[in-house]
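Following: one structure in structure tokens, then a few remarks.
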Amino acid sequence: MKKEKVTIFDTTLRDGEQSAGASMSVEDKVSIASKLDDMKVDVIEAGFPFASKGDFEAVEKISRIANYSTICGLARAQDKDIEFAGKALLKAKRKRIHTFISTSDLHMKYKLNMQRNEVIEAIKKSITIAKKFTDDVEWSPEDASRTEKDFLYKTIEIAINSGANTINIPDTVGYAIPFEFGELIKSIRNNVSNIDKAIISVHCHNDLGLAVSNSISAIINGARQVECTINGIGERAGNAALEEIVMCLKTRKDKLNYFTNIDASKIATISHLVSTITGFNVQPNKAIVGKNAFAHESGIHQDGMLKNANTYEIITPESVGFSSSELILGKHSGRHAFKVKLNDLGFEFTDKKINQLFKKFKDLADRKKQIYEEDLLALIDDKGSSSKKEYLELMDISISCGSSKKASAKIKIKILDKIKILKKDGNGPIDAIFSALKNVIPNKINLLVYQVNAITKGTDAIAEVSVRIEEESITVLGQGSDLDTLVASAKAYINAINKLIVKRDKLKDAKNKIFESNEKIDKHVI
């Protein structure tokens, strides 16, 4: 059976902009329209020309730059609205006027204060005026899903007779459910005598989270145009998401015998552009374009993905413009994914070493939501320790501090084979730590540099601390990393002391030197 085309009508620049707080400048709209045109969106509803000077200018400028898309302007069933739309679209290669009026009893009574016969006359007049500017006229019965059926059929028939070639059926308040909305489209096909002379379109809102489902149900029942927005933005809970509609038709072509002309590989780019311009971040679990759409953390899923991506992905990230899937390292990740990630970073380790690192990784993952590459590098090259024999080794640390009390550090440290507990107060937690550690060996250490860097993202970032100390003519740099900045600081200082001992060139009698001033050590031992 031959596939039928579904026209994609994008209203990001009109209905999408009506999202609270999502106003766009003329330049913003032109930028988005250029990407939509490049993506081969069939119709771009560029704005509501009568609404503001900015909207008129945006529609006018977009009309000049569009090469592929038909440019559409929205207009109420009022003379001035339609005239403004016609003028704004003057330079468009392909242009459409989209006019509308409410048809539900609720809207006619409380919004329009009009009788049915008055609404019918307004339909005839508005479409007749629109036809003076373009042969491509779309008409919408606002609140169609709550309109009395026989009256809805009558208004559609009159609209087509008046010259409308696209009839858009809006679920204005997102009230419909899929089978019901599908039945509505089917009933229009069966009860409007001249419906064969127009394309049936749908415009679904997402108040019940059913906009995409309702749109797909409408397509199955005869709709051949879908009105949608990038990232699903729009009034209240938003509109049907363009990316979801397109990829649903593309992915389930075994059941949905339809196609669109959309270049899906450009979806990720325009999603990011719209998000950046509006300031509306895409929720992480958003279908198709959310940052987690192609991310896998579960060890079971990761193992399946590494063996065959089809096990857990029905869409390839490349098909919508992303570079690749992502195996997220976290507490649910497995050893297989961990090993692959290390290999990707260029490391080859024995199984024994992998097991050692994996244990450290799991310990960190229990404290940190997501593990980044920098975290792995810090685990591999733990700058607070060394593969060589360490003279000093941090075992545990606890800090007591606050705005109304002096900082105190309690440190459990291993000095060769002996465990000591040091305690010292300071002017702050770092001063207390360094003061406790400074006297663990006889020294004349001066602290030259103390520097902290966050080497990963977020508030749970791993901290990397650098400490430069000097003793007479010897200068050494100590480094340490940890999720806790204070722990990283202690590691860095201990790392510096270990290096200082080596540089003193007294390795043979280091043990004796460490303990040669027991009286000084004992002052800080509890």
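Between the side chain of Asp484 and the backbone N or O of Ala488 there is no donor-acceptor pair closer than 3.5 Å.
Lys40 pairs by the salt bridge (Lys or Arg N to Asp or Glu O under 4.0 Å) definition with nothing, not counting sequence neighbours.
In this structure, Lys359 pairs ionically with Asp363, as a charged nitrogen and a carboxylate oxygen lie closer than 4.0 Å. The residues Lys125 and Glu121 are annotated as not salt-bridged, no charged nitrogen and carboxylate oxygen being separated by less than 4.0 angstrom. Under 4.0 Å is where a charged nitrogen must lie from a carboxylate oxygen, and between Arg146 and Asp105 no such pair does.
Nearest heavy atoms, Val59 versus Pro49: CG2-CG, 3.9 Å. The two atoms that bring Thr166 and Ser201 nearest to each other are CG2-CB, 3.9 Å, heavy atoms only.
Side-chain atoms of Asp136 and Thr134 include no donor-acceptor pair closer than 3.5 Å. Side chains of Ser69 and Asp37: a donor-acceptor N/O pair is present below 3.5 angstrom, by distance only.
Heavy atoms from other residues, nucleotides or ligands lying under 6.0 Å from CG of Asp196 number more than 12.
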Enumerate, atom names and distances included, each donor-acceptor pair closer than 3.5 Å involving a side-chain atom of residues 176-189, sequence neighbours excluded.
| residue | atom | partner | partner atom | Å |
| --- | --- | --- | --- | --- |
| Glu180 | OE1 | Ile177 | N | 3.2 |
| Ser187 | OG | Tyr153 | OH | 3.1 |
| Ser187 | OG | Glu183 | O | 3.4 |
| Ser187 | OG | Leu184 | O | 2.7 |
| Arg189 | NH1 | Asn221 | O | 3.2 |

Validation: residues 83-93 side-chain donor-acceptor distances under 3.5 Å, sequence neighbours left out:
| residue | atom | partner | partner atom | Å |
| --- | --- | --- | --- | --- |
| Lys93 | NZ | Asn67 | OD1 | 3.1 |

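The only member of His203, Gln18, Glu227 that meets side-chain hydrogen bond (donor to acceptor under 3.5 Å, both in side chains) when paired with Asn239 is His203. For the side-chain hydrogen bond (donor to acceptor under 3.5 Å, both in side chains) with His205, the lone residue among Asn214, Asp15, Thr172 that qualifies is Asp15.
The distance from the CG atom of Asn168 to the NE2 atom of His98 is 4.5 Å, given to the nearest 0.5 Å.
Ring pair Phe100/Phe48 is perpendicular by interplanar angle, where above 60° counts as perpendicular and below 30° as parallel.
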